Asker: 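There's a structure below that I have some questions on.
Because the structure is predicted, anything quoted here is derived from the model rather than measured. Each chain gets a letter, A, B and so on, in the order the sequences are listed, and its residues count up from 1.
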4 protein chains.
Amino acid sequence: MEQENIGRKEREKLFKRAEILSAAEELFFHKGFTATTLDDIAVKAEFGKGTIYNYFANKEEIYLSIVEDFIHKFIEIVNEADKESESFKEFIAAYISRLYCFCHDNRVGYTLYVREFSDINIDTVIHDKCAYFDRYPQMFQPFKNRFDKAQKEGIITDRFDIESIVVFVQHSIFSNLYISINGRRRGDFDCRHEAELAVEFILNGILKK
Amino acid sequence: MEQENIGRKEREKLFKRAEILSAAEELFFHKGFTATTLDDIAVKAEFGKGTIYNYFANKEEIYLSIVEDFIHKFIEIVNEADKESESFKEFIAAYISRLYCFCHDNRVGYTLYVREFSDINIDTVIHDKCAYFDRYPQMFQPFKNRFDKAQKEGIITDRFDIESIVVFVQHSIFSNLYISINGRRRGDFDCRHEAELAVEFILNGILKK
Amino acid sequence: MEQENIGRKEREKLFKRAEILSAAEELFFHKGFTATTLDDIAVKAEFGKGTIYNYFANKEEIYLSIVEDFIHKFIEIVNEADKESESFKEFIAAYISRLYCFCHDNRVGYTLYVREFSDINIDTVIHDKCAYFDRYPQMFQPFKNRFDKAQKEGIITDRFDIESIVVFVQHSIFSNLYISINGRRRGDFDCRHEAELAVEFILNGILKK
Amino acid sequence: MEQENIGRKEREKLFKRAEILSAAEELFFHKGFTATTLDDIAVKAEFGKGTIYNYFANKEEIYLSIVEDFIHKFIEIVNEADKESESFKEFIAAYISRLYCFCHDNRVGYTLYVREFSDINIDTVIHDKCAYFDRYPQMFQPFKNRFDKAQKEGIITDRFDIESIVVFVQHSIFSNLYISINGRRRGDFDCRHEAELAVEFILNGILKK
DNA sequence: AATGAATGAGGTTTCATTCAT
DNA sequence: TATGAATGAAACCTCATTCAT
């Protein structure tokens with residue numbers, strides 16, 4: 001009985017936290033970090049301004065929580081793609097198609113993540129905190145391993161080192177995904193088609209054989 | 001005589017304007033738009049704060065002027081590459097190598113341009129103003145023409161429409177260039193080598209033939 | 001039976017009240033009134049924040065209760081010294097030595113009392129409420145009587161009125177005691193020695209006879 | 001001509017600074033540090049709130065400036081008393097009478113100084129900054145030297161060390177002066193009379209010889 | 001009686017922009 | 001034309017107090 005009570009409170013707390021995050025996400029997405037005020041968030045979340053501070057230490061922490069969420073999900077995707085595919089080609093295809101579909105459904109989270117992660121946006125502060133870079137290995141190791149193996153097996157070019165290739169590929173994917181999702185033609189966005197293009201581009205380049 | 005006077009004044013005015021832009025560029029690059037104050041700019045440019053307003057209507061216009069400058073130069077590069085190359089391959093190689101070298105030497109301007117142009121940075125406000133998108137045709141038309149022709153000649157894949165391909169390629173190049181220039185391994189940046197990688201990647205993909 | 005019950009409850013209530021006061025005392029002492037938050041107090045007292053309000057109307061009342069406690073004890077000291085001493089000299093000696101020892105053991109309470117009573121600290125609000133000054137007679141009357149008598153008996157100077165002398169003496173004692181207890185040399189604090197110095201200073205001045 | 005111009009601006013700046021300090025002084029005196037808001041100060045000084053920040057980095061710095069001013073003047077007083085008196089008795093009398101008169105005329109500055117300096121008030125923050133204690137020697141050295149010499153010459157008691165005596169005397173004087181100036185009988189305050197009482201008390205104690 | 005989530009008034013500080021000199 | 005003092009809106013954040021459970 002008591003346990004049940006604790007459970008409910010806990011659940012309520014999490015629920016409200018999620019409400020706040022959801023409101024903030026939307027605002028950050030449309031107005032950016034600096035331009036979004038705590039008042040905005042409070043109003044949209046339908047809480048008092050002070051209440052927000054019972055759930056997050058400050059504005060930045062709200063932003064970070066959103067990005068953090070995305071990272072967790074991203075890691076899952078990479079691992080799933082890794083597990084469920086045999087060959088290098090299959091892995092690339094699996095990874096890209098999963099990523100494209102997932103990000104299509106989680107446009108806002110993905111966008112905020114990229115803004116932070118891209119080194120392009122200076123608006124938020126996380127930048128200075130290296131905490132982030134600690135996640136890199138977890139995020140990209142499976143990816144690297146696959147490329148490493150593929151290079152050793154002679155499947156992919158050996159004219160450049162693995163680090164360069166992974167970086168190039170990863171950024172091509174991310175930036176194009178970003179554009180597809182947020183760009184001016186986003187209305188047309190078709191997961192499958194875009195993923196296909198990306199896979200083909202990555203695997204075969206644009207020149208006909 | 002009077003004309004001569006005006007000429008000197010005009011020249012002085014332009015010179016001072018450039019001084020301000022130069023100071024601002026540096027600051028925007030390191031601190032971002034929001035975090036850079038007009039005081040910062042005034043101090044660095046060694047002008048009074050009020051003086052800045054004799055040259056620019058407001059802080060935003062300063063940022064825009066910098067980006068505008070980059071766009072002019074970018075257009076030149078595209079046109080030059082277009083003029084001086086015969087085949088599609090040559091064009092791609094010429095465009096990429098010119099772009100990489102130019103941006104390497106103009107890291108700051110390029111970075112600010114990308115921040116603005118990428119749709120990733122929401123820190124500045126230009127976003128809302130479509131003025132920018134008017135420059136797209138001028139910037140990318142030659143590029144599009146080349147791809148169009150190449151597709152018609154059967155040189156590049158016809159599995160996707162030209163718009164998609166150009167966007168994908170352009171963003172791959174831009175995002176990778178950005179990372180090369182600003183990323184954590186930037187110390188190693190070697191124009192030629194990076195350009196080579198990009199060219200190869202664009203033209204042949206990563207899979208061995 | 002019911003009475004007995006009430007008795008226990010009453011006792012429990014007083015006990016909890018004391019717990020709160022004790023926690024608050026420590027905090028007020030170290031951080032001052034303004035800087036001490038109700039959260040601080042609740043955490044330290046190990047009660048819910050709301051619970052505090054079942055025992056005290058507001059933050060200020062907590063502070064006042066502490067000071068009030070000190071006043072009660074102070075009055076006892078004055079009265080004891082009065083009862084147990086014959087001559088004026090004995091009284092001064094008894095009063096000072098008791099006061100010094102007591103305050104040495106009740107550093108926190110004494111300090112809070114002085115902060116409030118001294119008119120020096122404006123941090124708290126009690127100032128406006130004259131309630132305090134009502135206690136003055138009770139606190140200092142025995143003292144005054146002794147000085148009055150001593151002056152009439154020609155033991156102490158008659159060049160100044162009693163009020164002036166009492167004020168001067170009392171403040172000399174209090175301020176020096178405060179410094180001794182809280183000052184930077186407090187480690188060395190030796191009740192007896194400090195009391196001796198005070199007694200001698202009060203009774204004979206610093207000039208050799 | 002140019003020099004004259006600079007002079008005027010400089011003078012104006014100092015004048016305005018003084019205006020702000022004067023307004024702040026009054027407010028700090030009546031309401032204390034915490035309770036005085038920057039709005040209060042701005043309104044009273046008849047400046048915009050932001051203007052205050054062109055003269056002082058923050059609220060604390062305003063307070064410190066006031067106290068600093070007092071310290072300068074206090075040092076002057078000690079030195080003057082030192083120069084213009086021969087014997088120990090003369091020095092004490094000169095010091096006390098000067099101090100009493102000066103503080104009577106500068107009640108507010110003195111009060112704020114004591115609040116900060118007394119270790120009683122925790123409201124302000126200076127406390128933490130040891131910067132203050134650096135001024136001690138400059139402030140009290142002449143005083144110490146006089147007492148030292150007097151003790152060696154056998155004029156004052158040798159039953160206690162100089163440090164103890166100086167501390168006791170200094171605090172007696174300061175606290176009584178404070179009370180005289182700010183206490184409830186302050187209306188009656190008569191510089192000369194109060195100073196006389198203090199001198200007599202310090203030099204001869206309260207017991208008749 | 002005990003709790004602590006919710007509240008929002010109120011505080012300090014920043015900074016783009018104006019304008020009198 | 002050049003200046004920089006003045007401005008005040010607006011931002012973030014704190015915390016005493018209330019109140020539903």
Asker: In this structure, how many angstroms lie between the P atom of E:dT14 and the NZ atom of D:K59, rounded?
Answerer: 14 Å

Asker: Please report, rounded to the nearest Å, how far the C1' atom of E:dT13 is from the CD atom of D:E60.
Answerer: 14 Å

Asker: With heavy-atom distances below 4.5 Å as the criterion, would you say the side chains of C:F28 and C:T111 are in contact?
Answerer: no

Asker: B:D40 has an atom CG; how far is it from atom P of E:dT14, in whole Å?
Answerer: 13 Å

Asker: Any heavy-atom pair between the side chains of C:D40 and C:K31 that's under 4.5 Å?
Answerer: yes

Asker: Quick one: is C:T37 getting a side-chain N or O under 4.0 Å of the F:dC15 phosphate, OP1 or OP2?
Answerer: no

Asker: Could you check if a side-chain atom of C:R8 sits within less than 4.5 angstrom of a side-chain atom of C:R11, using non-hydrogen atoms only?
Answerer: yes

Asker: For F:dA9, which nucleotide in any strand shown is its Watson-Crick or wobble partner with both distances under 3.5 Å?
Answerer: E:dT14

Asker: In whole Å, I'd like the distance from the CD atom of C:E61 to the C1' atom of F:dA16.
Answerer: 14 Å

Asker: Classify the side chain of B:K49 versus the base of E:dT17 as yes if they form a donor-acceptor pair under 3.5 Å and no if they do not.
Answerer: yes

Asker: Taking the nucleotide of DNA chain E with the nearest heavy atom to each, does D:T36 or A:N54 sit closer to the 5' end?
Answerer: A:N54

Asker: For F:dT14, give the paired nucleotide (Watson-Crick: N1-N3 plus N6-O4 or O6-N4; G-U: N1-O2 and O6-N3; both under 3.5 Å), or none.
Answerer: E:dA9

Asker: Determine whether a donor-acceptor pair (N or O, by modelled atom type, separation under 3.5 Å) exists between the side chain of C:S22 and the backbone of C:A18.
Answerer: no

Asker: Considering all heavy atoms of both residues, which atom of B:F56 and which atom of B:S65 are nearest to each other, and what is their separation?
Answerer: CE2-OG, 3.5 Å

Asker: Determine which nucleotide pairs with E:dA1, using a 3.5 Å limit on both distances of a Watson-Crick or G-U wobble pair.
Answerer: none

Asker: Which of parallel (below 30°), tilted (30 to 60°) and perpendicular (above 60°) describes D:Y63 and D:F33?
Answerer: perpendicular

Asker: Under a 4.5 Å cut-off applied to non-hydrogen side-chain atoms, are B:I41 and B:L38 in contact?
Answerer: yes

Asker: Want to settle it: does C:G50 or B:D39 sit nearer the 5' end of DNA chain E, counting the closest nucleotide to each?
Answerer: C:G50

Asker: Taking the side chain as everything from C-beta on, heavy atoms only, tell me whether C:Y55 gets closer than 4.5 Å to C:L21.
Answerer: no

Asker: Does D:K9 make a side-chain N or O approach to OP1 or OP2 of F:dT3 shorter than 4.0 Å?
Answerer: no

Asker: Looking at E:dA6, F:dA2, F:dA6, which one has an atom nearest to any side-chain atom of D:F47?
Answerer: F:dA6

Asker: Over how many whole Å does the gap from B:E46 atom CD to F:dT1 atom P extend?
Answerer: 21 Å

Asker: Send over the distance from A:Y53 OH to E:dG8 C1', rounded to a whole Å.
Answerer: 13 Å

Asker: Name the nucleic acid region contacted by C:F56, choosing base, sugar-phosphate or nothing; use a 4.0 angstrom heavy-atom cut-off, strictly under.
Answerer: nothing

Asker: Distance check needed: E:dT14 P versus B:F33 CZ, whole Å only.
Answerer: 19 Å

Asker: B:L38 CG to F:dA6 P: how many Å, rounded?
Answerer: 19 Å

Asker: Verify the contact: side-chain N or O of D:T51 to OP1 or OP2 of F:dA5, cut-off strictly under 4.0 Å; return yes or no.
Answerer: no

Asker: Short of 4.0 Å, heavy atom to strand atom, which residues of residues 18-26 of chain A count as contacting DNA chain F?
Answerer: none

